[in-house]
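Right, one structure below, let's go through it.
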Amino acid sequence: MEKKENNRKLRVCVATCNRADYSKLAPIMFGIKMEPEFFELDVVVLGSHLIDDYGNTYRMIEQDDFDINTRLHTIVRGEDEAAMVESVGLALVKLPDVLNRLKPDIMIVHGDRFDALALATSAALMNIRILHIEGGEVSGTIDDSIRHAITKLAHYHVCCTRSAEQHLISMCEDHDRILLAGCPSYDKLLSAKNKDYMSIIRMWLGDDVKSKDYIVALQHPVTTDIKHSLKMFELTLDALISFNKRTLVLFPNIDAGSKEMVRVMRKKGIEHHPNFRAVKHVPFDQFIQLVAHAGCMIGNSSCGVREVGAFGTPVINLGTRQIGRETGENVLHVRDADTQDKILQALHLQFGKQYPCSKIYGDGNAVPRILKFLKSIDLQEPLQKKFCFPPVKDNISQDIDHILETLSALAVDLGGTNLRVAIVSMKGEIVKKYTQFNPKTYEERINLILQMCVEAAAEAVKLNCRILGVGIGGGIIHQHELIHGSSFCAAELGHIVVSLDGPDCSCGSHGCIEAYASGMALQREAKKLHDEDQLLVEGMSVPKDEAVGALHLIQAAKLGNAKAQSILRTAGTALGLAVVNILHTMNPSLVILSGVLASHYIHTVKDVIRQQALSSVQDVDVVVSDLVEPALLGAASMVLDYTTRRIY
């Protein structure tokens, strides 16, 4: 990746407000710090980080060896709705001086806290680019409104899940400025291998506690229904007392209602109860080990439904605070936590289980993607963000670039007789098609394909078509999206092996579907029959200047040639076996056969499915494509589908 213009480093301001957002921002900060030739890092600390009652968590930032450029005391105490509003106002008063002094190129803001809204508002009004982490997610409280408000202020977006990415697109954000990276905290979670976890457990819970035999509880107030959240917290503590397991209880965050929740804890005597350890803060590295080896986690923190899934630890999610989150199977929801018995039953169901580890929120490689994304930001681009609104029917204005240029792909179809290349538009229209006879050797075919693509690309310029890429191959659609695979080679269906001792395939293997059922395979068999004078039957003729191909074999079969019929039946059976393998692997609802041979294979394929497939997949619909050029359109869709996404 080239450095910025004039070798100028990108000045990045990371602002952190509390212990939770620092666990997501810290991996990014470490990554930025490791590349001083590209970045300058400024760290601004505000919010509950600087309050003793919440653990003075700014110290862990210092312990991580980050220089804190600015400390801003922005919290107005009171822990009620008015205090939250006043805290936002105080932050807005103090932040302009800081941003004027630091003059960052970009500010990184995380999540959905009221402090983050103040940060994003200040940066946006001061013409500073904003990168928002974890936009597009849905939880179920006022946090949703704050998160989406920050999304509207932000210029760039790093999201953690495919659903979040789709939400951002639905919110009219520019797809080119959205990165699906995964959650940065997962980079640390999935690499955490502390063999001495028992010392951490003993330090926080006591010497007599064993792995998987304790509970971690973390519950926050729900600001839109404080009274109900207090009652739910009281019932939770009663259930935990009855369950009689050692429990680590973390103090709630600083939202409205937290002060009352602490009063509930003290009223129940939690801080002095022999089964409980009540703490304001646990360093993230140690917290990871505690939840990874807990018998259960209970509460309504996003950590429970996001990070804890990486370890398969059972989670009980209480109430509505995280009701919209994507979760793994380790999460048991108790949405109406209105009785102690209901919560107690959930504890009995979940405690001590081990679930499969979930990677819904990340694969451990978010930070490299984010750093690459940051390096790609062009500071010369206009600062004013653009929204991608759906077209309005009454809008009759036009744009000259849209008139003069058509986004397109080159589609390649390797047939038995012909090679075809086409320019296909984003609307699925074939702008121009090129056809050449298929050469005999592999090298000749590759050279001809390259030549045809070069010619088509040159012609595309004259036709005002911008070529986004070249597509070849079949496809699998899962949840309305085309599967590309890790190296963009998914769905090489033609090379599914259906016989270990089958005919040679052009890929170098044996017994692939392509070696049985492709146009080239049938052409090969037709030539064999013709050379042995066993192809032509009464009513058939092949001119001397015409090459024998698959269509002659089909014609011979229709006219009663038994050998030709046998070859087509074998080809259809091979295709059918491959389809059965796909059914058993993917369990699709629909199989579409395309191309000129599809109608000749479909009955045999259905017969093979009836005879060979499990009963659970035999009801699949198998149809012949009614598109005029399905092979070319399918190949083009692989390019056009991928180029509308932004994933590194």
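Scope of the values below: all heavy atoms of this structure, side chains included, with no hydrogens, waters or symmetry mates.
Every side chain to side chain donor-acceptor pair (under 3.5 Å) that Q322 has, sequence neighbours left out, goes to R325. Residues satisfying the salt bridge (charged side-chain N to carboxylate O under 4.0 Å, His left out) test with R19, not counting sequence neighbours, are none. F30 is linked by a ring pair (Phe, Tyr, Trp, His ring centres under 6.0 Å) to F66, counting only residues two or more places apart in sequence or in another chain. Every residue two or more places apart in sequence or in another chain was checked for a salt bridge (charged side-chain N to carboxylate O under 4.0 Å, His left out) with D207, and none qualifies. Residues satisfying the salt bridge (charged side-chain N to carboxylate O under 4.0 Å, His left out) test with D336, not counting sequence neighbours, are none. Residues satisfying the side chain to side chain contact (heavy atoms under 4.5 Å, CB included) criterion with H155, sequence neighbours excluded, are R129, I130, R177, L383, K385. Considering only residues two or more places apart in sequence or on other chains, N317 meets the side chain to side chain donor-acceptor pair (under 3.5 Å) condition with H333. E81 pairs by the salt bridge (charged side-chain N to carboxylate O under 4.0 Å, His left out) definition with nothing, not counting sequence neighbours.
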Side-chain polar contacts of residues 216-224 - donor-acceptor pairs under 3.5 angstrom, sequence neighbours left out - could you list them?
unit_1: Q219; atom_1: OE1; unit_2: T236; atom_2: OG1; d: 3.4
unit_1: H220; atom_1: ND1; unit_2: N253; atom_2: N; d: 3.0

Would you list the atom pairs, donor with acceptor, under 3.5 Å between side chains in residues 273-282 and any protein atom, with sequence neighbours excluded?
unit_1: H273; atom_1: ND1; unit_2: N275; atom_2: N; d: 3.0
unit_1: N275; atom_1: ND2; unit_2: N244; atom_2: OD1; d: 2.7
unit_1: R277; atom_1: NH1; unit_2: P274; atom_2: O; d: 3.2

For residues 610-618, please give each side-chain donor-acceptor pair under 3.5 Å, one per line with the distance, not counting sequence neighbours.
unit_1: R610; atom_1: NH2; unit_2: D607; atom_2: OD1; d: 2.0
unit_1: Q618; atom_1: NE2; unit_2: R610; atom_2: O; d: 3.2
unit_1: Q618; atom_1: NE2; unit_2: A613; atom_2: O; d: 2.8

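Rounded to the nearest 0.5 angstrom, L347 CG and S242 OG are separated by 9.5 Å. For the atom pair NE2 of H49 and CD1 of I68, the computed distance is 8.0 Å after rounding to the nearest 0.5 Å. The SG atom of C303 lies 4.0 Å from the CZ atom of F287; values are rounded to the nearest 0.5 Å. Considering CG of L318 and CG of D338, their distance stands at 11.0 Å, rounded to 0.5 Å. Between the NE2 atom in H167 and the SG atom in C159 there is a gap of 10.5 Å [rounded to 0.5 Å]. For the atom pair L332 CG and I298 CD1, the distance stands at 9.5 Å (nearest 0.5 Å).
Under the 4.0 Å criterion applied to side-chain N and carboxylate O atoms, R306 and E134 are assigned as salt-bridge partners. Salt bridge R59/E62: absent, no basic N to carboxylate O contact under 4.0 Å. Ion pairing between R266 and E271 holds under the 4.0 Å rule for side-chain N and carboxylate O. Checked for salt-bridge contact, D187 and R369 miss the test: no charged N lies under 4.0 Å from a carboxylate O. A salt bridge does not link R202 with D208: every distance from a Lys NZ or Arg NE/NH1/NH2 to an Asp or Glu carboxylate oxygen is 4.0 Å or more. Checked for salt-bridge contact, K24 and E307 meet the test: a charged N lies under 4.0 Å from a carboxylate O. One finds a salt bridge joining R113 and D255 here, because a Lys/Arg side-chain nitrogen approaches an Asp/Glu carboxylate oxygen to under 4.0 Å.
Taking 4.5 Å as the limit, every side-chain heavy atom of V579 sits out of range of all side-chain heavy atoms of V608. With a 4.5 Å cut-off on side-chain heavy atoms, V109 and M107 count as touching. Side-chain atoms of P283 and M60, non-hydrogen and from C-beta on, never get closer than 4.5 Å to each other. Between L205 and L290, some side-chain heavy-atom pair lies under the 4.5 Å cut-off. Inter-residue side-chain proximity for C296 and I316 is flagged as met; some heavy-atom pair is nearer than 4.5 Å. In this structure the side chain of Y22 never reaches within 4.5 angstrom of the side chain of T57, judged on heavy atoms. Side-chain contact between M171 and T151: present, with at least one pair of heavy atoms (C-beta onward) separated by less than 4.5 Å. At least one side-chain heavy atom of I32 sits under 4.5 Å from a side-chain heavy atom of I108.
In this structure, D21 contributes its side chain and C17 its backbone to a donor-acceptor pair below 3.5 Å. Judged by distance alone, with hydrogens and angles left aside, the side-chain atoms of R147 form no donor-acceptor pair with the main-chain N or O of G135 at under 3.5 Å. Without hydrogens or angle criteria, K353 side chain to L349 main chain gives a donor-acceptor distance under 3.5 Å. Using modelled atom types, no side-chain atom of T320 and backbone atom of I323 make a donor-acceptor pair closer than 3.5 Å. At distances below 3.5 Å, at least one donor-acceptor pair connects side-chain atoms of Q350 with backbone N or O atoms of N330. The main-chain N or O of K245 is found under 3.5 Å from a side-chain atom of T247 such that the two form a donor-acceptor pair.
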Test side-chain contact (heavy atoms from CB on, under 4.5 Å) on H293 and I201 and set out the steps.
CA-CA 9 Å; H293 298 93; I201 294 174; 4.0 Å; yes
Set out, in order, the CA-CA distance, both residues' side-chain angles and the distance that settles side-chain hydrogen bond (donor to acceptor under 3.5 Å, both in side chains) for Y54 and N18, then state yes or no.
CA-CA 9 Å; Y54 293 89; N18 54 63; over 6 Å; no
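Counting heavy-atom neighbours within 6.0 Å of L500 CG, excluding the residue itself, gives a total of 12 or less. By the 6.0 Å contact criterion, NZ on K342 is enclosed, its count of non-hydrogen atoms from other residues, nucleotides or ligands being greater than 12. Other residues, nucleotides and ligands contribute more than 12 heavy atoms inside 6.0 Å of the NZ atom of K152.
When all heavy atoms of L190 and G364 are compared, the pair lying nearest together is CD1-N, 3.5 Å. Looking at every heavy atom in both residues, I513 comes nearest to A578 through CD1-CB, 2.8 Å. In terms of heavy-atom proximity, G111 sits nearest to I150 at O-CD1, 3.5 Å. Counting all heavy atoms, side chain and backbone alike, K268 lies closest to L237 at CG-CD1, 4.1 Å. Shown here for V334 and A346, the closest heavy-atom pair between the two residues is CG2-CB, 3.8 Å. For the residue pair D176 and F373, the shortest heavy atom distance occurs at O-CE1, 4.4 Å.
Pairs of residues two or more places apart, or lying in two chains, that qualify as ring pair (Phe, Tyr, Trp, His ring centres under 6.0 Å) and include a residue from residues 334-362 are F243-H348, F243-F351.
A side-chain donor-acceptor contact under 3.5 Å links S139 and D144. Judged purely by distance below 3.5 Å, without hydrogens or angles, the side chains of D196 and S199 pair a donor atom with an acceptor atom. With 3.5 Å as the limit, one finds no donor-acceptor pair spanning the side chains of N365 and Y186. Under 3.5 Å, the side chains of H157 and E173 contain a donor-acceptor pair of N or O atoms. For the residue pair H110 / T16, no side-chain donor-acceptor distance below 3.5 Å is found, with atom types taken as modelled.
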